[in-house]
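To start, the structure itself, in structure tokens.
Chain letters run A, B, ... following the sequence lines, proteins first, then strands; residues in each count from 1.
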2 protein chains.
Amino acid sequence: MTKRRLPAVSPSETEILRLVWQLDKATVQEVCDSLPAKRKIAYATVQTLLRRLEKKGYLKHRIRGKAHVFFPSVKSEKVIKRSVNDFLDRLFGGDPVPLMQYLAEHGKIDADDIEKLKKLIDKK
Amino acid sequence: MTKRRLPAVSPSETEILRLVWQLDKATVQEVCDSLPAKRKIAYATVQTLLRRLEKKGYLKHRIRGKAHVFFPSVKSEKVIKRSVNDFLDRLFGGDPVPLMQYLAEHGKIDADDIEKLKKLIDKK
DNA sequence: TACAATATCGTACAATTGTACAACCTGTCA
DNA sequence: TGACAGGTTGTACAATTGTACGATATTGTA
């Protein structure tokens, strides 16, 4: 089992990749349609991003009619792990606590969320 | 008060900027010295990054002897806010909960941390 | 079967990013 | 005062990123 290191996913690529995860599998069109209204990217751009993700090894595709249907070929867990760690390292020197603090202080998470997390941790 | 939008901070720049925050103010040398052992970047590279951060408006400098002493000219809060939001948007569609979950599940935060967060939220 | 609609592919291109060399200044100490 | 250690500045350059046009291929349909 050759475990070669996958190339990094760029920010815009991440955005697109997330949509594919969300949709489970998707054509260029479908990804375009599920873009948040705020973030309008041209069809051609989405296409390029999907192509690059496939070349980098994060997606594969199957043909359906004349369209390509892209689907993940790497567990999202893996990508998330890398991204989060990287982000944490750069912005907080690897310490997750300030990040949590930020989220708490800015009302991004509430008491309920905390309660759920508590359970999650206890269960482990 | 003209509130112009600051240019984005690139990942490597973020890394350096964080060190300046941590040191409060620092010369190129000092930043180099405080780089984590893992991440060895050449002096010249650190220098360029600091220069770019200053040009982008995140740092200023004063002269001490022959060296430049860089210090923040924008509150770290501001940068963190942008970075976190951006990160959250791209990787999780803006929802912080999965991120917290990830952190909890991977032992990045423990029950104690949760306790502290709880207080933080209640206090608000 | 020819056409309109829809997709993909190849290609492009400017901006940004990461990385760094070489040349040039400037205190400091002998 | 002259040399040197240590700084800074200018510049470079390949790779990556974000964005997208134009040409070509395919399919369902009239």
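The pair A:Lys118-A:Asp122 fails the salt-bridge criterion, with no side-chain N (NZ, NE, NH1 or NH2) lying under 4.0 Å from an Asp/Glu carboxylate O. Using a cut-off of 4.0 Å between Lys/Arg side-chain N and Asp/Glu carboxylate O, B:Asp112 and B:Lys116 are scored as not salt-bridged. A salt bridge is defined here as a Lys NZ or Arg NE, NH1 or NH2 lying under 4.0 Å from an Asp or Glu carboxylate O, and A:Arg52 with A:Glu13 fails to meet this definition. Contact check on B:Lys60 versus B:Glu54 returns no salt bridge, with no Lys/Arg side-chain nitrogen under 4.0 Å from an Asp/Glu carboxylate oxygen. Using a 4.0 Å cut-off between charged side-chain N and carboxylate O, A:Arg64 and A:Glu30 make a salt bridge.
At C:dG18, none of the side-chain N or O atoms of B:Thr48 fall inside 4.0 Å of OP1 or OP2 (strictly under the cut-off). In terms of phosphate contacts, A:His61 brings no side-chain nitrogen or oxygen within less than 4.0 Å of OP1 or OP2 of C:dT8. Checking the phosphate oxygens (OP1, OP2) of D:dT17, a side-chain nitrogen or oxygen of A:Lys56 falls inside 4.0 Å.
In terms of polar N and O atoms assigned as donor or acceptor, the side chain of B:Arg51 never comes within less than 3.5 Å of the base of C:dT17 in a complementary pairing. Counting distance only, with no hydrogens placed and no angle test, the side-chain atoms of B:Arg64 and the base atoms of D:dG7 include no donor-acceptor pair under 3.5 Å.
Comparing A:Val69 and A:Arg52 by the nucleotide of DNA chain C whose heavy atom lies nearest to each, the residue mapping closer to the 5' end is A:Val69.
Taking a 4.0 Å limit (strictly below) on heavy-atom distances, residues 18-47 of chain B reaches DNA chain D at B:Val28, B:Gln29, B:Tyr43, B:Gln47.
Checked by atom type and distance alone, the side chain of A:Asn85 pairs as donor or acceptor with a backbone atom of A:Lys81 at under 3.5 Å.
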Heteroatom pairs (N/O) under 3.5 angstrom, protein to nucleotides 1-3 of chain C:
none

